[in-house]
Amino acid sequence: MFSYSRSRSARGLLLEGLVIVASILLAFGLEAWWDYRNEREAEAVVLQNLLEEFVAAGIELDFYLELDRRVEEATKTTLAALQEAQDESREFVAIRDTALALIMIPGTFDPQLGTLAGLLSSGGLPLLRDTELQRALAGWPGLLTEAAEEERASHAHVYERLGPTLWERIDGTGFALIGESIALGDPDPALVERETRLPVDNPVLGVMATRLALISHQINELVAVRLEIDRITGLIKESLDS
């Protein structure tokens with residue numbers, strides 16, 4: 001009788017112990033599940049914000065790429081006209097004010113990516129499960145810096161060399177007036193047909209050739225940025241769908 005009571009008591013203690021252990025494991029499991037759910041909800045919010053910001057950055061970049069390509073074409077046309085006039089020993093060449101205005105526009109791509117900036121500054125990238133996306137986002141500032149360096153070089157050339165060289169030789173009032181409207185794609189019809197007589201000399205040829213080289217490099221960098229935006233938005237969408 002005593003042995004049977006002790007056996008039942010032992011089994012009861014064992015059962016109670018198993019129940020306690022199971023309860024603890026269940027509690028830990030529920031807590032882990034809850035934490036995981038909260039992390040995934042937080043990740044989804046971050047991913048959606050990132051997607052919206054990168055889509056907006058792509059739209060902004062497309063505007064500047066189109067503008068830069070117009071600048072490049074205007075510079076090519078102007079440089080070709082200068083070289084042809086030089087070959088023909090002409091002292092001046094007539095250039096459309098719209099072309100000169102475009103050449104003087106140094107566009108600046110400056111996307112606002114507050115969510116990414118917050119993730120990078122807080123060390124929050126590990127919240128994102130996709131390691132490829134983490135690497136792409138971590139590398140974004142470096143890619144943007146390279147493009148910004150090309151833009152700074154263009155700005156410096158326009159303001160420090162191209163502009164002063166032209167202002168010494170011509171009255172730039174006409175094409176300066178329509179620069180903003182050209183950048184917006186809506187030039188003043190009354191000014192579109194106006195031309196400026198540009199002197200054909202080595203300093204002008206030199207600054208135009210440099211302008212063309214710089215804008216071409218700038219476009220190449222921005223195209224690389226555009227491709228990366230497409231890749232990043234694709235990775236974000238995959239994460240949101242997973």
Side-chain angles (χ1 to χ4, degrees), residues 56-87 90 92-111 143-170 172-189 191-231:
I59 294 172
E60 180 184 346
L61 180 52
D62 288 341
F63 169 83
Y64 282 108
L65 266 174
E66 175 61 24
L67 176 60
D68 285 348
R69 288 183 174 121
R70 292 169 66 197
V71 172
E72 182 183 42
E73 183 58 32
T75 309
K76 281 182 180 178
T77 302
T78 301
L79 182 58
L82 285 165
Q83 290 170 335
E84 181 181 357
Q86 185 183 53
D87 292 341
R90 287 186 279 137
F92 295 91
V93 62
I95 303 296
R96 286 279 182 89
D97 284 357
T98 50
L100 292 173
L102 275 169
I103 292 168
M104 296 297 295
I105 297 174
T108 301
F109 174 56
D110 184 24
L143 185 65
L144 201 60
T145 296
E146 293 178 8
E149 288 175 354
E150 295 292 340
E151 289 184 335
R152 282 194 295 270
S154 286
H155 281 227
H157 178 68
V158 167
Y159 294 130
E160 297 172 13
R161 291 195 58 207
L162 179 61
T165 298
L166 295 185
W167 302 147
E168 289 176 358
R169 292 162 172 78
I170 60 176
T173 304
F175 60 80
L177 287 174
I178 59 175
E180 182 177 353
S181 61
I182 284 177
L184 297 174
D186 184 27
D188 185 344
L191 300 176
V192 166
E193 300 301 321
R194 288 183 52 169
E195 293 181 335
T196 293
R197 293 179 74 239
L198 195 61
V200 180
D201 59 24
N202 288 331
V204 173
L205 280 158
V207 293
M208 285 295 174
T210 301
R211 178 65 170 132
L212 180 58
L214 289 172
I215 193 63
S216 297
H217 285 303
Q218 185 172 321
I219 289 171
N220 289 339
E221 291 294 339
L222 291 182
V223 167
V225 173
R226 190 64 178 95
L227 291 173
E228 188 64 2
I229 287 177
D230 290 341
R231 187 171 79 94

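Keep in mind that the numbers below use all heavy atoms, side chains included, and drop hydrogens, waters and symmetry copies.
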Do Pro203 and Arg169 make a side-chain contact, defined as non-hydrogen atoms from C-beta onward lying under 4.5 Å apart? yes
Worked verdict on Leu166 versus Leu198 for side-chain contact (heavy atoms from CB on, under 4.5 Å): CA-CA 8 Å; Leu166 295 185; Leu198 195 61; 3.7 Å; yes
State whether the side chain of Arg211 and the backbone N or O of Leu162 hold a donor-acceptor pair below 3.5 Å, judged by distance alone. no
Decide yes or no for Glu150 and Asn220: does some side-chain heavy atom of the first lie under 4.5 Å from some side-chain heavy atom of the second? no
Heavy-atom closest pair, residues Val158 and Ile103: CG2-O, 4.2 Å
To the closest 0.5 Å, what do you measure between NE2 (His217) and CG (Leu212)? 9.5 Å
To the nearest 0.5 Å, what is the distance between CD on Glu221 and CG on Leu143? 7.5 Å
Value for OG1 (Thr75) from CG (Asp68), rounded to nearest 0.5 Å, stands at 10.0 Å
Taking CZ in Arg197 as the centre, count heavy atoms belonging to other residues, nucleotides or ligands within less than 6.0 Å. Is the count above 12? no
Where do Arg226 and Asp62 land on the side-chain contact (heavy atoms from CB on, under 4.5 Å) test, with the steps shown first? CA-CA 8 Å; Arg226 190 64 178 95; Asp62 288 341; 2.7 Å; yes
Closest non-hydrogen atom pair between Pro106 and His155, with its separation: O-NE2, 2.7 Å
Donor-acceptor under 3.5 Å (Gln86 side chain, Val200 main chain): no
One should read off an interatomic distance between Leu222 CG and Leu65 CG, to the nearest 0.5 angstrom, of 5.0 Å
Determine the minimum heavy-atom distance between Ala85 and Val93, stating which atoms define it. CB-CB, 4.1 Å
Out of curiosity, Glu195 CD to Leu100 CG, how far, rounded to the nearest 0.5 Å? 10.0 Å
So that I can tick it off, tell me whether Arg231 and Glu228 are bridged by a salt bridge, with the cut-off set at under 4.0 angstrom between side-chain N and carboxylate O. yes
If you look at every heavy atom in Pro199 and Ile170, which pair is closest and at what distance? CD-CG2, 3.7 Å
Shortest non-hydrogen contact between Ser154 and Ile215, atoms and distance: OG-N, 4.3 Å
Search all heavy atoms of Leu214 against all heavy atoms of Ala153 and return the closest pair with its distance. CD1-O, 3.8 Å
Closer than 3.5 angstrom, by distance alone: can the side chain of Glu151 be matched with the main-chain N or O of Phe109 as a donor-acceptor pair? yes
If I take atom CG from residue Leu82 and atom CG from residue Asp87, how far apart are they, to the nearest 0.5 angstrom? 11.0 Å
Decide yes or no on side-chain contact (heavy atoms from CB on, under 4.5 Å) for Arg70 and Ile105, but give the supporting numbers first. CA-CA 10 Å; Arg70 292 169 66 197; Ile105 297 174; over 6 Å; no
